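Computed from a predicted structure; not experimentally measured. No hydrogens, no waters, no symmetry mates; every other heavy atom, side chains included, goes into these values.
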Amino acid sequence: MRVVLDTNVLVSALLVESSLPAQLMTHWRKGRFTLLTAAPQLEELMRVTRYPKIRARLKPALAGRLINDLRAVAVMVEMLPPVDVSPDPYDNYMLSIASGGTADYFVTGDKADLLALGQCAGTKIVSVREFVTLVGLPPGDRKTE
């Protein structure tokens with residue numbers, strides 16, 4: 001199954017190693033799903049992990065390692081079709097990755113804009129908890145998200 005993880009999910013995975021987003025990263029590394037990404041997401045991840053409030057809680061080496069892992073192992077989507085459906089225009093590129101990569105799922109924590117869409121171009125838009133439940137991944141510690 002082909003999956004796009006929103007940048008907010010990736011950052012959450014870095015910040016709390018016992019979180020459901022961190023568990024998703026473990027499942028990806030074990031080959032339980034194919035992770036899709038693209039250059040604009042890697043750029044956003046580099047930018048966001050440099051924010052002072054994030055840097056205060058995150059070792060730069062962890063962010064760098066994740067970015068290197070994504071470059072090396074995730075499927076890089078090169079052709080990003082134009083998408084203009086999100087109430088927040090800055091989120092459209094993530095939906096473009098999902099569309100261009102023919103993702104089965106787009107996993108996000110953005111309740112106000114992205115989760116409210118439900119789907120886009122055949123990609124189901126779900127929360128981390130919904131994804132874990134839908135695909136039957138072992139949930140691990142469900143106390144944190």
Side-chain angles (χ1 to χ4, degrees), residues 1-135 137 139-140 144-145:
M1 117 190 60
R2 298 167 67 82
V3 178
V4 175
L5 299 179
D6 198 348
T7 304
N8 61 45
V9 174
L10 296 174
V11 171
S12 294
L14 289 173
L15 292 174
V16 183
E17 68 182 45
S18 63
S19 66
L20 282 178
Q23 291 172 31
L24 282 185
M25 295 305 294
T26 299
H27 290 305
W28 165 59
R29 287 184 173 107
K30 289 181 178 179
R32 295 198 174 122
F33 61 88
T34 300
L35 184 60
L36 307 174
T37 192
Q41 184 179 30
L42 298 179
E43 292 165 11
E44 180 183 32
L45 191 56
M46 284 187 277
R47 184 174 82 297
V48 167
T49 56
R50 290 182 183 135
Y51 291 165
K53 69 179 184 176
I54 301 291
R55 285 191 80 142
R57 298 180 51 204
L58 178 67
K59 294 178 183 171
L62 283 176
R65 187 172 341 148
L66 174 61
I67 292 166
N68 290 337
D69 285 351
L70 291 171
R71 279 191 183 121
V73 184
V75 172
M76 294 294 291
V77 178
E78 303 292 333
M79 301 299 285
L80 300 177
V83 174
D84 188 19
V85 296
S86 175
D88 180 349
Y90 293 109
D91 289 334
N92 282 318
Y93 89 90
M94 291 300 305
L95 297 172
S96 180
I97 295 169
S99 177
T102 61
D104 299 297
Y105 294 98
F106 175 64
V107 182
T108 182
D110 185 339
K111 293 176 185 165
D113 296 323
L114 295 171
L115 284 171
L117 293 173
Q119 72 170 13
C120 177
T123 299
K124 194 164 171 72
I125 302 170
V126 297
S127 69
V128 174
R129 185 171 300 279
E130 286 174 295
F131 181 70
V132 167
T133 301
L134 281 168
V135 300
L137 294 176
T144 56
E145 222 175 297

Should T7 and Q41 be marked as a side chain to side chain contact (heavy atoms under 4.5 Å, CB included) after you check the CA-CA gap, both sets of side-chain angles, and the distance that decides it?
CA-CA 7 Å; T7 304; Q41 184 179 30; 3.3 Å; yes

Full working for side chain to side chain contact (heavy atoms under 4.5 Å, CB included) between L10 and L66:
CA-CA 9 Å; L10 296 174; L66 174 61; 4.2 Å; yes

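Counting only distance, with no hydrogens or angles, the side chain of T108 and the backbone of L114 share no donor-acceptor pair below 3.5 Å. Using modelled atom types, no side-chain atom of D113 and backbone atom of P87 make a donor-acceptor pair closer than 3.5 Å. At distances below 3.5 Å, at least one donor-acceptor pair connects side-chain atoms of T49 with backbone N or O atoms of L45. A donor-acceptor contact shorter than 3.5 Å is absent between the side chain of D6 and the backbone of V107. Although no hydrogens or angles enter the test, the distance criterion places a donor-acceptor pair under 3.5 Å between the side chain of S12 and the main chain of N8. In this structure, the side chain of N92 engages the main chain of V85 through a donor-acceptor pair within 3.5 Å.
Atom-to-atom distance recorded for I97:CD1 and T123:OG1 is 11.5 Å, nearest 0.5 angstrom. To the nearest 0.5 Å, atom CG of residue L20 and atom NE2 of residue H27 are 8.5 Å apart. Annotation: the span from L134 atom CG to R129 atom CZ amounts to 12.5 Å, rounded to 0.5 Å. Distance check: R32 CZ to T26 OG1 gives 9.0 Å after rounding to the nearest 0.5 Å. The distance from the OG atom of S86 to the CE atom of M94 is 11.0 Å, given to the nearest 0.5 Å. Taken to the nearest 0.5 Å, the OG1 atom of T37 stands 9.5 Å off from the CD atom of E44.
With sequence neighbours excluded, no residue forms a salt bridge (charged side-chain N to carboxylate O under 4.0 Å, His left out) with R55. Under the rule for a ring-ring contact (aromatic ring centres under 6.0 Å, His included), Y93 has no partner lying at least two apart in sequence or in another chain.
The two residues G101 and R2 come nearest to each other via the heavy atoms O-NE, 2.8 Å. Residue S99 comes nearest to A121 through the heavy atom pair OG-CB, 3.7 Å, listed as atom of the first residue, atom of the second, then distance. Minimum heavy-atom separation, V4 to A98: CG2-CA, 3.7 Å.
L115 is not listed as a side-chain neighbour of D110, based on a closest heavy-atom distance of 4.5 Å or more. K124 has its side chain out of reach of D104: every pair of non-hydrogen atoms, C-beta onward, lies at least 4.5 Å apart. Proximity of L58 to V11: side-chain heavy atoms (C-beta onward) are nowhere separated by under 4.5 Å. Taking the side chain as every heavy atom from C-beta outward, V128 and Q23 never approach each other to under 4.5 Å. Using a 4.5 Å heavy-atom cutoff, the side chains of L95 and L117 are in contact. The closest side-chain heavy-atom distance from Y105 to V135 is below 4.5 Å. Residues P52 and I54 fail the side-chain proximity criterion, which asks for heavy atoms closer than 4.5 Å. Side-chain atoms of L42 and M76, non-hydrogen and from C-beta on, do get closer than 4.5 Å to each other.
E130 and S127 share a donor-acceptor pair across their side chains, judged by distance under 3.5 Å alone.
Under the side chain to side chain donor-acceptor pair (under 3.5 Å) criterion, the residue pairs touching residues 63-73 are R29-D69, with sequence neighbours excluded.
More than 12 heavy atoms of other shown residues, nucleotides or ligands fall within 6.0 angstrom of atom CZ in R47.
In summary, the aromatic rings of F131 and F106 are positioned with their centroids too far apart to meet the 6.0 Å limit.
A side-chain contact (heavy atoms from CB on, under 4.5 Å) with S96 is found for exactly one of D91, V83, D84, namely V83.
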